[in-house]
Amino acid sequence: MNIPDLENEQLEFWRRSHVFERTMSEREDRPRFVFYEGPPTANGKPGTHHVIARAFKDLFPRFKTMRGYYVLRKGGWDTHGLPVEIEVEKELGLKDKKEIEAYGIAPFNEKCRQSVFRYINEWEKFSERMAYWVSLDDAYVTFTNEYIESVWWLLRQLWDKKLLYKGKRVVPYCARCGTPLSSHEVAQGYKDVKDPSVFVRFPLRDEPGTYFLVWTTTPWTLPGNVALAVGRDVDYVLIEGPTEDGGVERLILAEALLSYALKNRDAYRVLDRFKGSTLTGKHYSPLFTFLPVEQDYAYVVEGDFVSTEEGSGIVHIAPAFGQDDMQVGKKYGLPVLETVLPNGAFIDAVRPWRGMWVKDADAEIIKDLQGRGLMYRVTLYEHSYPFCWRCNSPLLYYARDTWFVATTEYRDRLIALNQTINWVPSHIRDGRFGNWLEDLKDWALGRERYWGTPLPIWRCDNPECGHMLCVSSVDELSRLSGFDQSNLDLHRPYVDEVHWACRECNGHGTMYRVPELIDVWFDSGSMPAAQWGYPHRNQEMFKEQYPADYICEAVDQTRGWFYSLHAISGLVFDSVAYKNVISLGHILDENGLKMSKSRPETFVEPWQVFNKYGGDAFRWYMYTSGPPGEPRRFSLDLVGEVVTKFWLTLWNTYSFFVTYANLEGWSPEQPAPPVAARDPLDRWVLSELHGLVREVTAALEAYDAPGAARPIQSFVDQLSNWYVRLSRRRFWKSEDSGSAYATLYEVLTTLAHLLAPMMPFMAEMLYRNLVAGVKPGAPDSVHLAAWPEVNEGLIDRELMDGMALAQRLVSLGRAARESVNLRVRQPLLEAAFALRSASERESIGRLSDLIADELNVRKVTILDGAGDVVAYALNPLPAKLGRKFGKDFPRVQKALREGAPEDVARWARTLLAGQSVTVTLDGQDYEALPEEVEVQQRAAEGYALAEDAGYLAALNITLSEDLVLEGLAREVVRRIQTMRRDADFEISDRIVVTYQGSKRVVKAIKAHMDYVSGETLADALLSSEPGQDAFSQSFTIDEEDVVLSVRRVVP
RNA sequence: GGGAUCGUAGCUCAGUUGGUUAGAGCACUCGCCUGAUAAGCGAGAGGUCACAAGUUCGAGUCUUGUCGGUCCCA
């Protein structure tokens, strides 16, 4: 069985017959189901973490197509942004922005443009191989003018709503990349690192020898210090203790942090205690005075962010380097000391460390303060700190002029819209995503980079004027500039060259574009409109394909694409962008670490899996291996397990069906017997099948992939290991074979449909071999076929329960055989079972033949409390009686369980007779109904027993000569069958068998002549020496010797 | 520090509104069965359901806290 070959055949068929295209072209008049492709970047190879995303993306569009919807599957590529630039920088050996500009923006961007499709072929092959159906031919590409123009239009809508603004904000800033990062970029780069943790003495200006004890983990921000913040209601203390050089000093800090902050708590004594509010306004002597300051500063202010969890309860304030700091600084009118250059080096005015990378300066600053006796204590501190998600440099919090989208103005609306979205898993809605919206910050939009969508804002360079406008289309740009710009590349540097005389100040100034690009997440979040070039083009398509019914990406997109789609959609269209969304957990490698292209050593090559186990098994693993939102570990072996436990099981069932249907000449055109007239096993499997259709349909409608896939898996297990195994002989030697074939045919073809969205290859193979070209009018591909309908009339709950019980009893019977070492081939006289209720007795009655067959016993009986039964036990059911008796339950339970044997026996008989019993405890009567108490029975001696949860199997193990002979005959049959196989006979070959052996064996064969020859397709059973050309073997069965031979009969 | 989520057998996972003795599969051992099967069946072994307290007649399940993993925020 070569799985990849089989799958490649289907791929070939899909290509040849344009099946994917036809899922759309044949359904143009059908209702729309809208799917959005979250655009990947094609500048890296696809990996296993893309398999999970694409497996889930593919599932629901296939399902909805079969449900009769038209599902357009437009692909997309994300092509802009820092990741692309960084790749190109590496390639060209450029180290920073200066070098890029020296190289030239035009050639640099050209390189970027070329690099983004570097691996596009790999992506195409990969997508096809895993059967991810998406139109890559007309995929949207974010760098095209059409796309950018749409993004411009969206920005203009924000501009008109006055939602775009420029402001000085402390932003997470990457000095290496020279750009601020949006909060959702920052979110991707937190790492645990060790930073210096320093406690610094800030001398009080008016009280020599007294210091504020101040804590910080960023010493490099100290030259920017302009104030100290305390909590108004926090308790502070003035303490006195020794200095290093034997003197005495006084320190002020929060009382709650005495132990945390002090080197030796016991060496200090508390002089005074007061609230933070009494400290405000007190001045201290600044540690550094590199920059001139005109206004009053270096005093204590109040800050509501001051915590007493760690540090000293006194926070150093540097407005240029902290968001809280900036806010407080504005409130008090404090100066902003910008001591650091945009490249992360100190300015010249910071003389001792000028030009030094600030993080490197930490140690120098510490040394300087130590030298001046101002450093109280230095340790290391492990905390989580943000790093640039691409270049891995530590981010600085840094005051920048930058552009923002005022998303906070629409916060409530975005929250309300989110409530209407169906999130899978559901907790994301009010958890991770909901919290994000609650804490919404304005979207830092500007990027001071090169390869991306230019911010379409032009500004007059006349400082007196400063007029600004936002351009929404190329046409508009042509009108404004007075030149036809329709051939303009909208990227830098070309777009920067478009300028015109300002009309607001009568041409005193010139309108130039602002230098910024926009956040690349705005690109991808614009795709509902921009993939169509809306509104400049395709207005109808946009309306038809908005919003999406379904999107799916990994959980890291919560603050990425999920958010950018939601925000843009909410702000511009006042609508959700998607109605249903699956947020997938990450694929972890075998060590439990996230697989990602930034860590090549963890990257698992998907082709390994495709080539060994195939796309179906790969996909199936993703659907069944756990809740989609949870992280999951991945290994090749886990996919291998799918193959042996599911794929091959199904394949073998199919192969069994085809083998014998061909052999017996059965075809689907033959009229099928009415279901009601079929064997109970047929009715059972059809009942299970339609229950399965119902369950799978409901699960997929609810976007629950494991809820759909897992039941299919257990069904196939039952189909193969119960239905087929027990029905086997009906397929080749019974007048009932028509029922069996019709039943298995319906099961397999229905399964093909149910599997199609998840295992598209196997489903197609089954369908093409069993349905297409066989059933008149059937589509040629399962992926063009209609989803199965449930036939509720075939679902028989009682039969299913009965069968489940029968399986349980068979298990128990086998356990009983095991206990006395009696192999199943040895027939026994009787199996007796004790059940838990009267209704079970009824439902099992009709299946007793089947149980007898499986256990190889001549008779199945149900123990009814009389005769063989020697002991009883009662088990009051907590689920029922607990509720009924409440806190009295344990006493009643005890009474029933541990009563005197004769009482228990009386009660048991009463209950088995269907009547209730009453126990009296402390003068109170407690009545228990038969269904509230389980009666357990133990069987008599002479039986082999097995018991489980109230069920009991008792096998009569007395062996008569008759039974022994029958057992021997079965042993002989089994040996002959094995010999047939070893001799490489076809399963339909007729044979001649010879035998010679002990008297008993000969007697057994003679007594069961018809049985032996029937089972082994023997035309003759001869008591003679093996013929010359016969395949012969000798055996010892239970101390009886026999020589057997088989010879093929040539017809 | 805060939030979300998870923690059940060596591994991967189920476990319904709280209710009998917590279940599968993989892997291991022994045995059985086999006229489709890379299979199947039975038995053995493997669990303080992360830990603690609480609510309750009863907690894997609910509450609170602690610890650990993952992700996110600061």
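Numbered from 1 within each chain, the chains take letters A, B, ... in sequence-line order.
RNA chain B is contacted by both A:G626 and A:P876; A:G626 maps to the nucleotide lying nearer its 5′ end (nearest heavy atom per residue). Residue-to-nucleotide proximity on RNA chain B shows that, of A:R710 and A:N721, the 5′-proximal contact is made by A:R710.
Side-chain contact annotation: A:R710 with A:Y623, donor-acceptor N/O pair under 3.5 Å absent. A donor-acceptor pair shorter than 3.5 Å can be found between the side chains of A:W423 and A:N418.
As rounded to whole Å, 5 Å separates atom P of B:A36 from atom CZ of A:R728. As a whole-Å value, the separation of A:L584 CG from B:U70 P is 20 Å. A straight line from CG of A:N652 to P of B:A38 spans 7 Å, rounded to a whole angstrom. Atom C1' of nucleotide B:G18 and atom NZ of A:K884 are separated by 20 Å, given to the nearest angstrom. Atom P of nucleotide B:C11 and atom OH of A:Y621 are separated by 15 Å, given to the nearest angstrom. B:G25 atom C1' lies 20 Å from atom CZ of A:F715, rounded to whole Å. One atom, NE2 of A:H586, and another, P of B:C6, lie 17 Å apart when rounded to the nearest Å. Nucleotide B:C41 holds its C1' atom 16 Å from the CD1 atom of A:I851, rounded to whole Å.
Aromatic ring orientation, A:F657 versus A:Y745: tilted (interplanar angle from 30° to 60°).
Distance from the side chain of A:N435 is smallest to B:G3 among B:G3, B:C72, B:A38. Among B:A36, B:A14, B:G3, the nucleotide with an atom closest to any side-chain atom of A:R432 is B:G3. Proximity note for A:E630 (side chain, C-beta onward) versus B:G3, B:C6, B:G25: the nearest is B:C6. For A:Y660, the listed nucleotide lying nearest its side chain is B:G35; candidates were B:A38, B:G35, B:U12. Closest to the side chain of A:H427, from the set B:A4, B:G19, B:A36, is B:A4.
On the C1' atoms, B:A24 is 14 Å away from B:G46, given to the nearest whole Å. If you take atom P in B:A14 and the same atom in B:G7, they sit 8 Å apart, rounded to whole Å. Separation of the C1' atoms belonging to B:A50 and B:U5 is 15 Å when rounded to the nearest angstrom. B:U66 sits 49 Å from B:C30 when the P atoms are compared, rounded to a whole Å. B:C13 and B:C6 have their P atoms separated by 14 Å, with the value rounded to a whole Å. For the P atoms, the distance linking B:A59 with B:G68 amounts to 28 Å, nearest Å. Taking atom C1' in both B:G25 and B:U64, the straight-line distance is 36 Å, to the nearest Å. Distance check on atom C1': B:A45 versus B:C26 gives 15 Å, rounded to whole Å.
Nucleic acid contact for A:T649: none, since no nucleic acid atom lies under 4.0 Å from a heavy atom of the residue. Heavy atoms of A:V643 sit nowhere under 4.0 angstrom from any nucleic acid atom.
Exactly one of A:I976, A:V972, A:D1019 qualifies for a side chain to side chain contact (heavy atoms under 4.5 Å, CB included) with A:V993. That residue is A:I976.
Within the 6.0 Å centre-distance limit, the rings of A:Y654 and A:W651 are counted as a close aromatic pair. For A:W666 and A:F731, the ring centers sit 6.0 Å or farther from each other. Checked against a 6.0 Å centroid threshold, the rings of A:Y621 and A:W647 do not count as neighbours.
Stem regions annotated for RNA chain B: B:1-7 with B:67-73, B:10-13 with B:23-26, B:28-32 with B:40-44, B:50-54 with B:62-66, counting only runs of 3 or more consecutive pairs of Watson-Crick or G-U type with both contacts under 3.5 Å.
Contact annotation: A:K645 side-chain N/O to B:A24 OP1/OP2 distance is not under 4.0 Å.
Annotation: side chain to side chain contact (heavy atoms under 4.5 Å, CB included) contacts of A:E438 (sequence neighbours excluded): A:R411, A:I415.
Not a single donor-acceptor contact under 3.5 angstrom links the side-chain atoms of A:S720 to the base of B:A39.
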Apply side chain to side chain contact (heavy atoms under 4.5 Å, CB included) to A:F321 and A:Y173, showing your working. CA-CA 10 Å; A:F321 308 115; A:Y173 174 83; over 6 Å; no

